[in-house]
Novice: 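Handing you this structure, nothing more for now.
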Amino acid sequence: MTETHNVIIDTDPGQDDAIAILLALASPEINVLGITAVAGNVPLGLTQNNIRKVCELAGRTNTKVFVGSDRPMKRSLITAEYVHGETGLNGAPLPEPTMPVQDQHAVDFIIETIQRLPEKSVTLCTLGPLTNLGNVLEKAPELAPRIKEVVMMGGGLFEGGNVTPAAEFNIFVDPDAAQLVFKAGIPLVVMPLDVTHKALTTKARTEAIRSLGTQVGKVSADWLNFFERFDEDKYGTDGGPLHDPNVIAYLLNPGLYSGRHINVEIETQCELTMGMTVADYWGVTNRAKNAIWVTDVDADGLFDLLLERLAYFR
Ligand code: BDR
Ligand code: CA
C-alpha cells in the first residue's frame, strides 16, 4: 500500500511553486492539510492571491489557504520579479480568485496542526523562504520533535548560489529563519540547486505538458515557458531548472532521488556569503548530520510523473 502523507505546503508562488501545488493536489497519496503563504518571489499579498488562483485552476476551492509572514524574521524582504514577473505568475493570466483565505494566521495554523495531530504525522513542504517555519520555531520550539519531516527547496553546494555566488534565493531571503530550521533537530530533506539544475524544462518536456490539451496543461506550459527564459539566458540550457516540484515528487517517489545524510549550517553573519548553505558533503567536520542533501534525480522519471499527475485535471 502506498503511504499517505499529511502535508502543509508553505509557498511563495512563483510558477514552479504553482506546478508543485498542482502536483500535490493531483496526487491521492498527499493529503493537503493547508497551504500557507509567505513573502518571497513577490510580496505576501500576491503570493496568497496566487495560491488561490492555482487552487481555483485545479478546481479545489475547498483547500484551506492561510496568510503568513510578510517579511523575513530580521531583514527586509528581497523579491524576484525579474524571474517570475511582477505578479509572480506571469506567463498565463488567470482570473482573480474568489475563494476565501482562512482567518487564522499561517504560523498559528502550523502550530495548531502539529499540536493537534499525532506526533510525527505531519510533513512540512517548504517551497519559499523559511520565515513561517522560523516563526513557528521561535514561538513554539517544543513542537520540533513532533514534526515528521521538512522537505524543502533551498540551498546549493556544487552549483553555488543563484542570487549571489554563494546563496540560493530561498535561504538568502531569510537566513535567520533557515538557521533556526537547520538547528531544530527536525528530519530535513533538502532539494538544493545541485539537484534542481538537473531537472530542466526542455522544449520536449514543456510541449508534452501542453499536449495534454487541457487548461491545466496549457497554463502550466505557458508558466514554464515564461519562467525558464531567465535561466536559459543565464546558463545557455534548453529549458530552466524546475525547482519546487521536486519537493512533492520526492514524497510521491523517493526512488527518483539520491543524496547523502550530512551536516548543513547556514551563514548569517558574513556579508559576502550571507545565506550560504555550508554543506559538509565530504564529512570533513564532526558536526552532527542534520539533513539529507539531495544531489541527483531521474529527470525523465520526474517529468513522466508530473505529466501523469497533471493529466488528472480534465
Ligand atoms: C527558488 O526560488 C524561487 O525563485 C523558486 O520558486 C524556488 O523556490 C529557487 O532558487
Ligand atoms: Ca518558491
Side-chain angles (χ1 to χ4, degrees), residues 8-24 35-44 46-51 53-54 68-69 72 77-91 106 124-133 150-175 177-178 181 189-201 220 223-224 226-235 237 239-250 266 274-277 279 294 297:
I8 297 173
I9 301 175
D10 188 63
T11 176
D12 64 334
Q15 294 87 351
D16 61 325
D17 303 70
I19 303 286
I21 293 168
L22 290 174
L23 179 59
I35 305 184
T36 53
V38 67
N41 288 321
V42 285
L44 184 66
L46 288 168
T47 60
Q48 62 83 3
N49 208 51
N50 289 345
I51 293 170
K53 282 183 180 173
V54 176
S69 314
L77 178 64
I78 296 159
T79 53
E81 286 86 355
Y82 59 94
V83 180
H84 300 273
E86 76 281 0
T87 71
L89 281 185
N90 285 41
L124 299 178
C125 293
T126 67
L127 313 179
L130 288 155
T131 315
N132 283 337
L133 187 48
V150 173
V151 187
M152 72 168 73
M153 191 280 136
L157 171 64
F158 301 106
E159 288 290 314
N162 61 0
V163 275
T164 75
E168 178 278 331
F169 180 80
N170 289 341
I171 307 293
F172 183 71
V173 171
D174 199 342
V181 173
V189 177
V190 185
M191 294 288 166
L193 300 176
D194 303 336
V195 65
T196 66
H197 281 195
K198 293 174 180 163
L200 294 177
T201 59
S220 299
W223 277 336
L224 291 174
F226 182 91
F227 175 58
E228 70 196 0
R229 86 212 179 287
F230 179 83
D231 284 325
E232 281 183 323
D233 286 352
K234 184 169 159 189
Y235 300 115
T237 45
L242 187 66
H243 304 287
D244 294 339
N246 287 285
V247 168
I248 306 298
Y250 174 81
I266 308 297
M274 184 64 70
M276 182 175 181
T277 41
V294 179
V297 58

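Order of listing sets the numbers, starting from 1, for every ligand and every atom in it.
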Novice: If you measure from each non-hydrogen atom of Asp17 to ligand 1, which part falls under 4.0 Å: side chain, backbone, both or neither?
Specialist: side chain
Novice: Please check: side-chain N/O of Asp174 versus main-chain N/O of Pro129, any donor-acceptor pairing under 3.5 Å?
Specialist: no
Novice: Look at the side chain of Asp244 and the backbone N and O of Ala18, then say whether any donor-acceptor pair between them is shorter than 3.5 Å.
Specialist: no
Novice: At a 4.0 Å cut-off, with the gap strictly under it, does some heavy atom of Asn41 reach an atom of ligand 1?
Specialist: yes
Novice: For ligand 1, is there an atom lying under 4.0 Å from some heavy atom of His84?
Specialist: yes
Novice: When you measure from the side chain of Arg229 to the backbone N and O of Leu224, does any donor-acceptor pair fall under 3.5 Å?
Specialist: no
Novice: Among all protein heavy atoms, pick out the one at the shortest distance from atom 8 (O) of ligand 1; state its residue, atom name and that distance to 0.1 Å.
Specialist: Asp244 OD1, 2.7 Å
Novice: Looking at the Ca ion (ligand 2), which N/O/S atom of Asp12 is the nearest one?
Specialist: OD1
Novice: State the atom name: nearest N, O or S atom of Asp244 to the Ca ion (ligand 2).
Specialist: OD2
Novice: If you measure from each non-hydrogen atom of Asn162 to ligand 1, which part falls under 4.0 Å: side chain, backbone, both or neither?
Specialist: side chain
Novice: When you measure from the side chain of Thr87 to the backbone N and O of Asn90, does any donor-acceptor pair fall under 3.5 Å?
Specialist: yes
Novice: Give a yes or no answer on whether the side chain of Glu159 reaches the backbone of Asp194 with a donor-acceptor pair at less than 3.5 Å.
Specialist: no
Novice: For the atoms OD1 of Asp17 and O of Leu127, give the angle they form at the Ca ion (ligand 2), rounded to 10 degrees.
Specialist: 130°
Novice: May I ask you to list the atoms of ligand 1 that are less than 4.0 angstrom from any heavy atom of Glu168?
Specialist: 1 (C), 2 (O), 9 (C), 10 (O)
Novice: Distance under 4.0 Å to a non-hydrogen atom of Asp16: what atoms of ligand 1 satisfy this?
Specialist: 5 (C), 6 (O), 7 (C), 8 (O)
Novice: Which atoms of ligand 1 have any heavy atom of Leu127 under 4.0 Å away?
Specialist: 8 (O)
Novice: Between His243 and Phe169, is the ring centroid distance below 6.0 Å?
Specialist: no
Novice: Do Asn132 side-chain atoms and Ser69 backbone N/O form a donor-acceptor pair below 3.5 Å?
Specialist: yes
Novice: Please report the C-alpha distance between Asn41 and Thr47 in whole Å, then the side-chain angles of each, then the deciding distance to 0.1 Å, and finally whether the side-chain contact (heavy atoms from CB on, under 4.5 Å) criterion is met.
Specialist: CA-CA 8 Å; Asn41 288 321; Thr47 60; 5.5 Å; no
Novice: Taking only heavy atoms of Asn170 into account, list the atoms of ligand 1 that are under 4.0 Å away from them.
Specialist: 1 (C), 2 (O), 7 (C), 8 (O)
